[in-house]
Asks: 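My questions will all concern the structure given below.
Proteins get letters first, then strands, A, B, ... in listed order; numbering begins at 1 in each.
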There are 2 protein chains.
Amino acid sequence: MRSYLKLRYQQFIKKNNLKSSKRRDLIFDFVTRTKGHFTADEIYQETLKIDPGIGIATVYRTIRLLVNCGILLEQTFGEKKGYFEVNDINSKHHDHLICTACGKIIEFRCDIIEDDKQRIAELHQFKINSHKLEIYGICSECQLK
Amino acid sequence: MRSYLKLRYQQFIKKNNLKSSKRRDLIFDFVTRTKGHFTADEIYQETLKIDPGIGIATVYRTIRLLVNCGILLEQTFGEKKGYFEVNDINSKHHDHLICTACGKIIEFRCDIIEDDKQRIAELHQFKINSHKLEIYGICSECQLK
DNA sequence: ATTCGTGCAAATGCTTTGCACCCAC
DNA sequence: GTGGGTGCAAAGCATTTGCACGAAT
């Protein structure tokens, strides 16, 4: 279902005279199989279980490659470190609800924001590329604690 | 006009058994006089002109103090470093248009987002504290280049 | 005297990079 | 055998912290 990602990955490799490798493929497989958001270290810890020889530098280099070819999106969620998610063109753009108590991240869609965005862009003569809406609060579970 | 900030600063100092000092006051003065967004290093460079003995650690410690007492808001704008702005209770919440070419940050207000936010919160049983909407694009000037 | 503020330098956390080596074609 | 991939360690960058000293009460 997400096979177009593999294609994009392979074409990017070819176009830039790079090579695929066992470790790159391992990281590609992990991220494209994983839903939601993950950090570089989480990718590292998971791939380490399968290939104990992998290094954190390879993880960071491959993340950069996947961001550059549009397979991964990078976010910060207000923190000073990167969170990554698959840029799935089959699912529409979504935004994030972030629980400041437990760190849980929930995705949601909001069409009205899409329209507003255009209105604001025209007002300031901006040519919009993307947006991020993050709503911070306390999730239902943490409200009970 | 922003004298309530000075009051809040002084009360916070007193309540937490801290002291005001020449250097803290200098940083407080700089940030409350400055419009828009600034980094820790920008505060440091500016205060350095007035007090060449000031250290970067004092700047960071004072920023933390001002964030804790609600005078400064911290943002990341997708980067892995902090940007600060005065939390002016007299002006309503605003969001940001960010030019990815020149880095310019423009503030705007959007009431519809305020309403949508509540709808989304109810849907996910979230108790909302705040939100950040960042729209990325190319500003009118950079479109001409 | 005590308490807090400060500069300096070291430490931190996350990320990138230089380099020598390894592998695949 | 050449070009790219990789681990390792070092460097980078923003930020925080330990410590000894300094200032104010």
Asks: Looking at every strand, decide which applies to A:Ile56 at a 4.0 Å heavy-atom threshold: base, sugar-phosphate, or nothing.
Replies: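 No contact.
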Asks: Detail all sub-3.5 Å separations between protein N/O atoms and N/O atoms belonging to nucleotides 18-25 of chain D.
Replies:
residue	atom	partner	partner atom	Å
D:dG18	O6	B:Arg61	NH1	3.3

Asks: Taking the six-membered ring for Trp, are B:His96 and B:His37 parallel (under 30°), tilted (30 to 60°) or perpendicular (over 60°)?
Replies: perpendicular
Asks: B:Asn17 side chain: which of C:dC4, C:dG5, D:dA14 is closest?
Replies: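 Among C:dC4, C:dG5, D:dA14, the one nearest the side chain of B:Asn17 is C:dC4.
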Asks: Applying side chain to side chain donor-acceptor pair (under 3.5 Å) to A:Glu42 and A:Tyr44, what does each step give before you reach the verdict?
Replies: CA-CA 5 Å; A:Glu42 282 163 2; A:Tyr44 178 56; over 6 Å; no
Asks: Grab the CD-P distance between B:Glu79 and C:dT16 for me, whole Å please.
Replies: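 One finds 13 Å between P of C:dT16 and CD of B:Glu79, rounded.
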Asks: Apply side chain to side chain contact (heavy atoms under 4.5 Å, CB included) to B:Phe84 and B:Thr39, showing your working.
Replies: CA-CA 6 Å; B:Phe84 303 91; B:Thr39 62; 5.7 Å; no
Asks: If you find the nucleotide of DNA chain C closest to A:Gly82 and the one closest to B:Val59, which residue's nucleotide is nearer the 5' end?
Replies: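 First, find each residue's nearest nucleotide; the 5'-ward one identifies B:Val59.
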Asks: From the list C:dT15, D:dT15, D:dT6, which nucleotide is the closest neighbour of the side chain of B:Lys81?
Replies: D:dT15
Asks: Using whole Å, what does the distance between atom P of nucleotide C:dT6 and atom CG of B:Leu26 come to?
Replies: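 Distance check: B:Leu26 CG to C:dT6 P gives 10 Å.
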Asks: Write down the distance between NZ (A:Lys22) and P (C:dC22), rounded to a whole number of angstrom.
Replies: 17 Å
Asks: Is it true that the side chains of A:His131 and A:Asn129 contain a donor and an acceptor less than 3.5 Å apart?
Replies: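 No - no donor-acceptor pair under 3.5 Å links their side chains.
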Asks: Between B:Glu85 and B:His94, is any side-chain donor less than 3.5 angstrom from a side-chain acceptor?
Replies: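 The criterion, which ignores hydrogens and geometry beyond distance, is satisfied for B:His94 and B:Glu85.
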Asks: For the pair made of CZ in B:Arg24 and C1' in C:dG5, what is the distance, rounded to whole Å?
Replies: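 Rounding to the nearest Å, CZ of B:Arg24 and C1' of C:dG5 are 6 Å apart.
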Asks: Can a side chain N or O of A:Arg64 be found less than 4.0 Å away from OP1 or OP2 on C:dT16?
Replies: yes
Asks: Please report, rounded to the nearest Å, how far the C1' atom of C:dG5 is from the CD1 atom of B:Ile63.
Replies: 16 Å
Asks: Could you tell me whether the phosphate oxygens of C:dT16, OP1 or OP2, come under 4.0 Å of any side-chain nitrogen or oxygen in A:Tyr60?
Replies: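 It does not, given that no N or O in the side chain of A:Tyr60 lies less than 4.0 Å from OP1 or OP2 of C:dT16.
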Asks: Round to a whole Å and report the spacing from CG of B:Asn16 to P of C:dG5.
Replies: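 One finds 10 Å between P of C:dG5 and CG of B:Asn16, rounded.
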Asks: Look at the side chain of A:Arg61 and the backbone N and O of A:Ile56, then say whether any donor-acceptor pair between them is shorter than 3.5 Å.
Replies: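 Looks like no, no N/O pair under 3.5 Å.
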Asks: Looking at C:dT15, D:dG5, D:dA14, which one has an atom nearest to any side-chain atom of A:Ser21?
Replies: D:dG5
Asks: Within the 4.5 Å heavy-atom criterion, are B:His124 and A:Glu107 side-chain neighbours or not?
Replies: no
Asks: Rounded to whole angstrom units, what separation is found between the CD1 atom of A:Ile13 and the P atom of C:dC25?
Replies: 14 Å
Asks: Please report the distance, rounded to the nearest Å, between CG in A:Leu18 and P in D:dG5.
Replies: 5 Å
Asks: Mapping A:Glu74 and B:Thr62 to their closest nucleotides on DNA chain C, which lands nearer the 5' end?
Replies: B:Thr62
